[in-house]
Amino acid sequence: MLLKIVSFIASIILMFTPSATLPEKSDVLVEMLDNLSENRTADEINGANGTKFYIQRPKSEKMNVINASCFGLSEENEDNFSAFQSALNYCSNHPQTKLVIDKGTYYFRNANGLDANNCTDLLIEGSDATFVFSSTGYKFFIRNSDCVEIRNLNFDWNWTESPLASVVTVQNSNSDADTVDLVFRNAEYCNENNRLMAITQCDPETLTFGAKYSSKEVYLYQDVTAVKSVQKISDNTLRVNHNGCMDNFENGEIYILRHYVYDGTIFNIRDYSKNITFDNVSIYGSSGMAYICEGNCSHFQIINSFIGVNPEHKNSRCVSLTADAIHIVNTDGCFNISGCDISGMGDDAINVHDGLGYISEINGNTLTLIASAMRLEAGDALAFKNDKFENTNTTAKIVSVKTLDWITKEVVVESLPENITAGWTAYNTECNSGNYVIRNNYFHENRARGLLLQSSNGLCENNRFYKTMAQSIKVVMDIEPTLWQEGTGVNNLIIRNNTFEKCNFSDWGSVIEIGTNIAGKSAETAVFTNIEITSNIFKDIPSRLMRANNVNGLVFSSNTVDIGEFFDKTNLQGKTYFGKHCNNINYSDNEYTDSGFLGNKKIAQTDGISVWAEVNSQL
């Protein structure tokens, strides 16, 4: 009865409410496969609304075979860097090579990263071998290459020499003295010389990131005063004297203490590399991320692969990576991530975006940009968004770039429109990380978010999300001027046939979030358009199901919502909230198996009466 009354009132209001124009969808990319080399095959990738592209792979039977042992790769070597780099150099000079690695465990201790540069038609057959790294930094570059496949190869970190993280229990927390005792679950990791980089509360039962309804953590490395001293007081206990940042830690709470955070990456694909495939590649450990794809690379895929704690060491290791799993930024898009199992990392599973620059100062034709992850090269064209984050249809060609510090760039352009002011943002028109498929994956039990989808023409389907610490999917435009600047807007994103269970475990807001943060404020326009969230299953929800702002054209339909019994009952569980600058919302045909008293769970909450009417008239 309540729903019928709400729907009737909303329909009356809607009759007198003007509607906003529904924006057109992005142009769909449809590639043709012409003149395919006889040495290659191609995977056809079909994405959102008819998007189609191809990722080319080398044909094994057409390759010239050579074994990596011919270059000195051996399990007996203390460091195999020189041997395997010699093999890669050979492949660079000899296109159409299949490089075979004998099954075994190979150690790498050199600080430099392996470099597959200018390789063409290269197939690396790993034969289930394992590469173990002991140093930080980038470990395997793929640069200026076309049609490279790496398959059946494993990568791990040398925990014996230096653990990535430790599970610790809080004892003797003393806020008066600013001290806390950390009792290590594995005494062999208890060493006062190990770095204390970040500490995050974890589930005491599963020892995975994030406690139920709680996410206490401190990024210790961001404040040089955070840790004053560390003393080993027993075989398994460190006493930490801090600056008060851990005063809210309570005795008995269990935490994951990371000794590394953003200290390294296994694969870095860059410099216009294309047609890159990782098939059945397992990454058990990294002092940072697993993959960074950047530098206008395109047509790459990670398929049938694993990122997670090494199953052979699940009782002694608590993390796989100490940062993101897959970070995609400033590329030319066209990628496929399918059939993968991704878990245990210290940050987001997948982050897809292009970089932004926040304009802090203008002097003539010189811009001072706060831009931590943005391609800035002479000859590129910058486009601008105003302080409301509206597109201005103005561009300027870059003449030169000067780096002032790690985050600040001085950019000279040929000419600058007079109306541009500080507080606006700039982005590079040469980058487009859109046109992608994320399909049939299992994302689970990691810190922070599942997917950050900040580029257009994306398809996310048939995935399973389980117990992500924060939002499972976040569609965001996020500018923290001194930290990061990500996302240029999203048009045409489909999220369908996925399962979400116990997600947003630590209650960071909602299971799915769509919104903006522009230096602490929301954009004053719709920057997300044509987003479809359909036929998904949501189970065991601790919070709001969805929070949406700044979206014009959103379909939330045919989803099944089961609030479940795992989390405490609250009035917000399973509800959806529409905030500012939302229009053309289709919120219909969703099944709520436990909708609360009189079915009020499915009634969407909104800021404005017009959006309230638009949404709830469809109930």
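Side-chain contact between Phe108 and Phe84 is present, with heavy atoms from C-beta onward closer than 4.5 Å. Residues Ile398 and Val411 form a side-chain contact, since some pair of their non-hydrogen atoms from C-beta on lies under 4.5 Å apart. Looking at heavy atoms from C-beta onward, Phe528 lies in side-chain contact with Met477 at the 4.5 angstrom threshold. Within the 4.5 Å cutoff, the side chain of Tyr291 has no heavy atoms near those of the Asn268 side chain. Inter-residue side-chain proximity for Asn49 and Ile494 is flagged as met; some heavy-atom pair is nearer than 4.5 Å. Side chains of Lys397 and Val413 form no contact here, defined as non-hydrogen atoms less than 4.5 Å apart.
A donor-acceptor contact under 3.5 angstrom links the side chains of Asn351 and Gln454, judged on distance only.
Among pairs with a residue in residues 431-454, those fulfilling salt bridge (Lys or Arg N to Asp or Glu O under 4.0 Å) read Glu217-Arg447, Asp347-Arg447, Asp348-Arg449, Arg439-Glu461, at least two apart in sequence or across chains. Contacts classified as salt bridge (Lys or Arg N to Asp or Glu O under 4.0 Å) and involving residues 274-285 (residues at least two apart or in different chains) are given here: Arg57-Asp279.
For the side-chain hydrogen bond (donor to acceptor under 3.5 Å, both in side chains) test, residues two or more places apart in sequence or in another chain that qualify with Thr421 are Trp424. For Asn330, there are no side-chain hydrogen bond (donor to acceptor under 3.5 Å, both in side chains) partners, not counting sequence neighbours. Every side-chain hydrogen bond (donor to acceptor under 3.5 Å, both in side chains) that Asn504 has, sequence neighbours left out, goes to Ser543. Not a single side-chain hydrogen bond (donor to acceptor under 3.5 Å, both in side chains) links Thr265 to another residue, sequence neighbours left out.
Outside the 6.0 Å centre-distance limit, the rings of Phe155 and Tyr284 are not counted as a close aromatic pair. Aromatic pair Phe131/Phe140: ring centres not closer than 6.0 Å. Checked against the 6.0 Å centroid threshold, Phe465 and Phe500 count as a close aromatic pair.
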Pair Asn440-Asn463, side-chain hydrogen bond (donor to acceptor under 3.5 Å, both in side chains): steps then yes or no | CA-CA 5 Å; Asn440 297 327; Asn463 302 288; over 6 Å; no

Test side-chain hydrogen bond (donor to acceptor under 3.5 Å, both in side chains) on His353 and Gln485 and set out the steps.
-> CA-CA 10 Å; His353 68 96; Gln485 309 80 37; over 6 Å; no

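Residue Arg375 forms a salt bridge (charged side-chain N to carboxylate O under 4.0 Å, His left out) with just one option from Asp354, Asp332, Asp380, Asp271, and that option is Asp380.
More than 12 non-hydrogen atoms from other residues, nucleotides or ligands lie less than 6.0 angstrom from NZ of Lys59.
Using a cut-off of 4.0 Å between Lys/Arg side-chain N and Asp/Glu carboxylate O, Asp263 and Arg195 are scored as salt-bridged.
Formation of a donor-acceptor pair under 3.5 Å by the Asn441 side chain with backbone atoms of Gly339 is found in this model.
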